[in-house]
2 protein chains.
Amino acid sequence: MTAQNSATLDPGSPVPLYQQLYLLLRSQIHGGALRPGDKIMGEAELCEAYDVSRITAKRALNELADTGLVIRKRGSGTRVTDRLPPQPLKASIDGLLEKVGEMGRNTSVRVLSSALMPAPPEIRAALNLPEGARALQSRRVRSLNDQSVSFLEAWIPEDVAEGAALEAESPTPMLLQLERAGISVSSATQTITATLADALSAAALDVPMGAPLIDTRRVVFDAQDRAVEFIRVLYRPELYQIEVAMRRVQGDNGAAWVPRPTGRPEGRPDRPGAPATKAPKTP
Amino acid sequence: MTAQNSATLDPGSPVPLYQQLYLLLRSQIHGGALRPGDKIMGEAELCEAYDVSRITAKRALNELADTGLVIRKRGSGTRVTDRLPPQPLKASIDGLLEKVGEMGRNTSVRVLSSALMPAPPEIRAALNLPEGARALQSRRVRSLNDQSVSFLEAWIPEDVAEGAALEAESPTPMLLQLERAGISVSSATQTITATLADALSAAALDVPMGAPLIDTRRVVFDAQDRAVEFIRVLYRPELYQIEVAMRRVQGDNGAAWVPRPTGRPEGRPDRPGAPATKAPKTP
DNA sequence: GCTTATTGGCATAACATTATGACAAACGGG
DNA sequence: CCCGTTTGTCATAATGTTATGCCAATAAGC
């Protein structure tokens with residue numbers, strides 16, 4: 001049984017071939033299969049491998065070059081950029097950044113919009129609101145070093161928002177404002193999945209439509225188990241990833257994995273999970 | 001600052017307009033904004049609302065009808081199908097299914113390939129192997145109810161694999177085989193991100209290339225802190241999602257979120273988080 | 001039965017995507 | 001310096017996408 005890499009794009013897809021190939025190569029670079037300095041297959045080879053015409057392969061490679069991920073040279077070929085696209089940030093499931101190792105980052109939050117509006121059904125279901133209830137919607141973008149990392153949409157029930165006198169236009173996280181207003185946040189349920197950038201998130205995060213995004217949804221409860229906030233955050237996977245450290249414990253009914261909360265405590269050396277790209281470059 | 005909910009489409013995107021509109025409406029249905037039985041805006045209204053021609057609106061609606069999400073009737077209009085698509089499975093971060101509520105599921109594992117081969121650089125980095133080292137690669141697909149849910153690629157260093165006398169062709173999870181062979185698994189580091197289906201994973205999971213996938217990578221360590229396995233698992237987000245329940249605790253330096261290991265213990269009701277992802281479309 | 005709303009279908013035209021093929025220009029190795 | 005390799009550029013043709021406009025067929029209300 002052999003591991004074969006029969007690679008074929010889907011000509012029947014509504015997404016144009018050059019875009020399919022571009023996204024594919026892009027994810028290979030971000031995922032670590034193609035490393036900085038590596039030589040990418042030439043246009044001719046790509047034609048062969050993916051059964052497309054040279055114009056299509058060329059366009060995919062040119063899009064990569066336009067994004068700065070590769071460098072193309074006549075007669076020489078196409079190579080992945082040396083300057084490593086910065087390692088994606090690692091964050092624990094609580095959504096707070098951890099590996100802010102280099103502290104030179106300019107982090108910033110921009111409020112795109114905020115308004116009190118009737119909560120759509122999906123939000124009502126998450127927040128357990130009656131039909132016709134209104135909620136405060138706030139959309140924000142978080143940037144690090146002038147790169148948009150995450151796009152966020154928060155919903156807070158009208159009564160909660162009023163009671164806490166929230167400043168929706170302030171870049172201060174809504175959750176923090178809630179806590180400052182005396183609402184004791186006690187638990188949350190978070191769902192992690194993947195999605196594609198639509199027009200709205202693509203514009204906010206400065207990625208092409210159809211790019212993959214990490215999609216997290218969280219419902220936050222106060223001490224009385226009342227849902228006080230629903231947040232959906234979309235992250236750019238090449239800039240931000242979720243990392244979980246786990247310990248194996250023996251329980252009553254067999255072994256189980258226990259997530260270790262935050263940081264990198266118990267003497268576990270900092271072991272890369274072999275995500276994205278590799279670190280150093282030869283001198 | 002107003003929240004413009006008119007998520008305008010992007011005529012400049014490589015993704016055709018009818019597809020953008022199709023995806024938009026589709027995510028509204030999956031997300032709960034449009035509920036079963038609801039009447040969707042007619043072609044004329046969609047033209048107005050999204051500034052597209054009727055042919056485009058019609059095509060988007062027809063794609064929805066082809067997928068079975070809506071029913072169109074001349075003179076009457078377009079309505080969301082009554083039967084709602086099944087909820088995705090929820091699993092905790094340890095990768096083990098939980099919501100196997102209905103126990104009638106036929107779960108099965110198929111071994112696609114397995115081979116001892118030189119470990120590619122990205123794997124060597126994860127497993128801390130020297131250049132030229134070999135590793136056992138095993139690719140598997142896990143299905144539930146005849147639907148492919150996850151695609152898995154495991155790498156085990158040659159010496160570990162030999163010492164444990166692994167049966168790579170057996171559907172028994174490699175990690176379980178390692179444990180049975182006396183290798184005590186004690187900790188792991190897992191990274192969660194999002195990616196696009198390439199040719200290989202698309203074929204294995206029966207989704208179109210370019211579909212979004214949840215991408216988890218895990219390095220497993222034994223009691224001696226030796227990396228014994230690297231696993232990369234790709235999940236179909238419309239069938240499988242990761243769920244984390246968290247508790248807020250007061251620590252020494254401020255509050256922190258503590259993940260609650262597994263299951264849905266402390267009386268927290270089951271709260272849906274509403275996904276919005278791409279499904280396979282067979283033209 | 002008549003009217004209105006809504007989808008189905010067709011024709012035309014402008015533009016984007018893709019394949020095929022040919023030639024020019026830069027790079028690198030012998 | 002020559003030569004093979006690789007990318008840059010161009011032209012042509014088939015196909016897909018989108019807008020505009022028109023008319024037919026079906027459903028629902030009066």
Side-chain angles (χ1 to χ4, degrees), chain A residues 7-25 34 37-82 199 208-210, chain B residues 8-25 34 37-81 208-210 281-283:
Chain A
T8 319
L9 304 180
D10 179 7
S13 162
V15 181
L17 285 176
Y18 75 87
Q19 179 77 355
Q20 290 183 44
L21 189 51
Y22 161 71
L23 291 172
L24 187 62
L25 295 172
L34 290 170
D38 278 3
K39 191 169 168 186
I40 288 194
M41 286 194 293
E43 297 176 0
E45 282 169 288
L46 285 174
C47 300
E48 180 82 15
Y50 294 98
D51 194 30
V52 294
S53 81
R54 204 188 132 208
I55 255 190
T56 305
K58 169 192 292 295
R59 183 152 179 190
L61 290 174
N62 281 338
E63 304 264 342
L64 284 176
D66 290 347
T67 327
L69 285 177
V70 303
I71 294 180
R72 316 198 63 195
K73 278 198 193 123
R74 238 186 248 183
S76 171
T78 303
R79 294 181 169 278
V80 179
T81 313
D82 269 348
M209 282 192 52
Chain B
T8 26
L9 306 181
D10 178 7
S13 162
V15 182
L17 283 176
Y18 75 86
Q19 178 77 357
Q20 293 183 43
L21 188 50
Y22 162 73
L23 290 172
L24 184 64
L25 294 172
L34 289 171
D38 278 3
K39 190 170 168 186
I40 288 193
M41 286 195 292
E43 297 176 0
E45 283 169 285
L46 286 174
C47 299
E48 180 80 15
Y50 295 100
D51 195 30
V52 295
S53 81
R54 205 188 129 208
I55 254 189
T56 306
K58 170 194 292 294
R59 182 151 181 190
L61 291 175
N62 280 337
E63 304 265 341
L64 285 176
D66 290 347
T67 326
L69 285 177
V70 302
I71 294 180
R72 315 198 64 195
K73 279 200 192 120
R74 232 184 253 185
S76 170
T78 304
R79 294 181 170 278
V80 179
T81 313
M209 283 195 47
K281 191 176 83 72
T282 345

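Just so it is clear: chains get the letters A, B, ... in the order the sequence lines come, proteins before strands, and each one is counted from 1.
- Using a 4.0 Å cutoff to heavy atoms of chain B, the contacted part of DNA chain C runs 5' to 3' from C:dA5 to C:dA11.
- When the nearest nucleotides of DNA chain D are assigned to A:Leu61 and B:Ile55 by heavy-atom distance, the more 5′-ward of the two goes with A:Leu61.
- In this structure, the side chain of B:Thr67 does not engage the main chain of B:Leu69 through any donor-acceptor pair within 3.5 Å.
- In summary, the side chains of A:Thr56 and A:Tyr50 do not present any donor paired with an acceptor at a separation below 3.5 Å, with no hydrogens or angles considered.
- Side-chain nitrogen and oxygen atoms of B:Ser76 include none within less than 4.0 Å of the OP1 or OP2 phosphate oxygen of D:dA27.
- One interatomic measurement links the two molecules: CD of B:Glu48 to P of D:dA19, which rounds to 14 Å at whole-angstrom precision.
- Contact annotation: A:Lys58 reaches the phosphate of D:dG8 (side-chain N/O to OP1 or OP2, under 4.0 Å).
- Nucleic acid contact for B:Arg59: sugar-phosphate only, since backbone atoms but no base atoms lie under 4.0 Å from a heavy atom of the residue.
- Of the two residues near DNA chain C, A:Arg54 and A:Gln19, the one whose nearest nucleotide lies more 5' is A:Gln19.
- With sequence neighbours excluded, the residues satisfying side-chain hydrogen bond (donor to acceptor under 3.5 Å, both in side chains) with B:Asn62 are B:Arg72.
- Taking atom CG of residue B:Asp51 and atom C1' of nucleotide D:dA19, one finds them 11 Å apart after rounding to whole Å.
- Considering OG1 of B:Thr81 and CG of B:Asp38, their distance stands at 11.5 Å, rounded to 0.5 Å.
- When atom types are taken as modelled, the side chain of A:Glu63 and the backbone of A:Ala60 share no donor-acceptor pair closer than 3.5 angstrom.
- Helix-axis bend for the helix from C:dG1-D:dC30 to C:dG30-D:dC1: the local axis fitted to the five terminal pairs at one end deviates from that at the other end by 30°, rounded to 10°.
- Here A:Asn62 does not reach the OP1 or OP2 of D:dT7: none of its side-chain N or O atoms lies under 4.0 Å away.
- Judged purely by atom type and a 3.5 angstrom limit, A:Arg79 uses its side chain to pair as donor or acceptor with the backbone of A:Gly37.
- Put simply, the residue from B:Thr78, B:Leu61, B:Ile55 that forms a side-chain contact (heavy atoms from CB on, under 4.5 Å) with B:Glu43 is B:Leu61.
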